[in-house]
Amino acid sequence: MAEQRALTPRAEDFSAWYNEVVQRGELAGYTPVRGCMVIRPHGYAIWELMQKALDARFKETGHQNAYFPLFIPQSFLHREAEHVEGFAPETAVVTHGGGKELEEPLVVRPTSEAIIWPIMADWIQSYRDLPLLINQWANVVRWEMRTRLFLRTPEFLWQEGHTAHASQEDAQRETLLMLSVYRRFMEEWMAMPPLTGVKTEWDKFAGADRTYACEALMQDNWALQAGTSHNLGQNFARAFDVKYQTEDGSHEYVWSTSWGVSTRLIGGLVMSHSDDLGLVLPPKLAPIQAVIVPIYKSDEGRGQVLEAAEKLAGQLRDVVRVRLDDRDTVNPGAKYYEWEGKGVPVRLEIGPKDLEKGQVMAVKRFAPDPKARKVPIPDGEVRSRLTEMLDAMQNELLATAIKRREDNSHRGIDDYEEFKEIIATAGGFVYTGYCGTEECEASVKDETKATIRLMPDEDFRSDEIPAKCICGKKAEYEVVWARAY
RNA sequence: CGGGACGUGGCGCAGUCCGGUAGCGCGCCUGAAUGGGGUUCAGGAGGUCGCGGGUUCGAAUCCCGCCGUCCCGACCA
């Protein structure tokens, strides 16, 4: 493992810093397959914690998991016009199997609507079968030119919810419900507070009536689309003939939704909290929440310290995910760097001095006041104090991230020169009035690289919206601009 | 697909201009001392120099062809 001593600082080169944090944290790495990454055990453990939390919420809201095929007959993808137009350019296609050319090429799923709906159509006969609430955990493939670990790779892991409803209203309610599930997960578990809102007509999911999204602001003031929830209307029901019989005996197309988050969230997590020492993880998503580092000077001291460290680990094991680093081949300082690089929220140092005083030294990976990172905890209080510490850190990370988002949000902008200045220098979320035309966004994007991320939901909308768009025309509604990943 | 660069132990690189039989740092292995912020010393293992062809007594180095990767531009969870 070639690890430079110090990471490239964020301020110097954010992209280089990101790559180094991911690799030093042993989250992921490159593989012999162009653009494809390996998610290493530590990174995968984070994904498993994410899955567990999200899956629980999906179940609580009435969804069931299922698994659909990886391969989609090419003709299926073509049934929904906008869908195929949106995804065809980035699909991988299997043309041969068993040494022979296939009669019909198989598309490796870029998303599963085109295989799920023909199948679920058979499950739905009557209004009594609705709503049908299905989720799938799977991998998908979207061919990419330019790749980044977690943020954009040809293959990634995600979940995709697919639901069918008897009415437009039910589908809309579902779309918004799952958007709020995502928002809460990002806030409460990831400490990554997103904006929520609606995508423009031309930026929505291929085949959707409306696309809602969570957009989070990274430390470099670029936006990351972190989750989407789509109201698909009856578009897929028509394309795949998904009908149900109503109470009065007529046949109607179902109303459907789909929604997903991916391993991209891990990239967002990294770019939200990590620092120039490496990864910072919110305690709820940290595979190891506390690491115990024993410190000893000689063989005699060693036995005593290790015994105390093991006892400590035993006391903590049922309340936190704890790891005792008793390697004898690495000295304490090196262990500090290693576990900091992996984002472990709390380090517990235990050495001769601590044994004498009947305490352990606890060091938080992150604190709003850097001077308050290190605190001694008396032996009897470690269990309670440590859990308090982890809770506090979770909250502090969220508060810090919210403050950063708000400090970097610019509202009420209606002057294009000012807009350009903000995008070119400060960055962040820029709220403006908007005329509503695609041409306007295209020309702004051309000139500034900024795009409309969404039309903000009520929770984020400004009290006063400028009367005119940055192009000078009358504003129809408010939008949020940013440079985006 | 257009523009630029690169391919040499696990990782990062030097050597290529000017041919002479491969080197450095990190990591890895062994041993000893060390141990409260990346410890030191000693010893050691590890390379078809991207692939194929050519020139030459001799090629990592020169020539031709191919493959691959990375960076910059049009698309993107």
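For clarity, every value in this text was computed on a predicted model and none was experimentally measured. So you know, we letter chains A, B, ... as the sequences are listed, proteins then strands, and number each from 1. Quick note: numbers below take in every heavy atom, side chains included, and nothing from hydrogens, waters or symmetry partners.
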How would you list, by chain and number, every residue that makes a ring pair (Phe, Tyr, Trp, His ring centres under 6.0 Å) with [X], sequence neighbours excluded?
| X | result |
| --- | --- |
| W259(A) | F58(A), H63(A) |
| Y485(A) | W222(A) |
| Y212(A) | none |
| W143(A) | none |

**Study point:** Residue-level proximity of residues 261-270 of chain A to RNA chain B when a heavy atom falls under 4.0 Å
**Key:** S262(A), R264(A)
[X]: which residues meet the side chain to side chain donor-acceptor pair (under 3.5 Å) condition with it, sequence neighbours left out?
| X | result |
| --- | --- |
| W339(A) | D325(A) |
| S75(A) | E104(A) |
| D328(A) | Y296(A) |

**Study point:** Residue list, side chain to side chain contact (heavy atoms under 4.5 Å, CB included) with D275(A), at least two apart or on another chain
**Key:** R10(A), L277(A), V280(A), R365(A)
Practice item. Remember a base hit wins even if backbone is also touched, and classify S15(A) as base, sugar-phosphate or nothing at under 4.0 Å, heavy atoms. Key: nothing
Pick out the pairs of N or O atoms, protein on one side and nucleotides 29-36 of chain B on the other, that lie under 3.5 Å.
from: G35(B); atom 1: O2'; to: Y296(A); atom 2: O; distance (Å): 2.7
from: G35(B); atom 1: N9; to: Y296(A); atom 2: O; distance (Å): 3.4
from: G35(B); atom 1: N7; to: K297(A); atom 2: O; distance (Å): 3.1
from: G35(B); atom 1: N1; to: D328(A); atom 2: OD1; distance (Å): 3.2
from: G35(B); atom 1: N2; to: D328(A); atom 2: O; distance (Å): 3.1
from: G35(B); atom 1: N2; to: D328(A); atom 2: OD1; distance (Å): 3.2
from: G36(B); atom 1: O6; to: G351(A); atom 2: O; distance (Å): 3.4
from: G36(B); atom 1: O6; to: P352(A); atom 2: N; distance (Å): 3.3
from: G36(B); atom 1: O6; to: K353(A); atom 2: N; distance (Å): 2.7
from: G36(B); atom 1: O6; to: D354(A); atom 2: N; distance (Å): 3.2
from: G36(B); atom 1: O6; to: D354(A); atom 2: OD2; distance (Å): 3.3
from: G36(B); atom 1: N1; to: D354(A); atom 2: OD2; distance (Å): 2.4
from: G36(B); atom 1: N2; to: E349(A); atom 2: OE1; distance (Å): 3.0
from: G36(B); atom 1: N2; to: D354(A); atom 2: OD2; distance (Å): 3.2

Protein-nucleotides 70-72 of chain B N/O pairs under 3.5 Å:
from: C71(B); atom 1: OP1; to: R146(A); atom 2: NH1; distance (Å): 3.2
from: C71(B); atom 1: OP1; to: R146(A); atom 2: NH2; distance (Å): 3.0
from: C71(B); atom 1: OP2; to: R146(A); atom 2: NH1; distance (Å): 3.1
from: C72(B); atom 1: OP2; to: R146(A); atom 2: NE; distance (Å): 3.0

Protein-nucleotides 3-7 of chain B N/O pairs closer than 3.5 Å?
none

Review point. Is the Lys NZ or Arg CZ of R373(A) less than 6.0 Å from the centre of F366(A)'s six-membered ring, within 45° of the axis?
Key: no
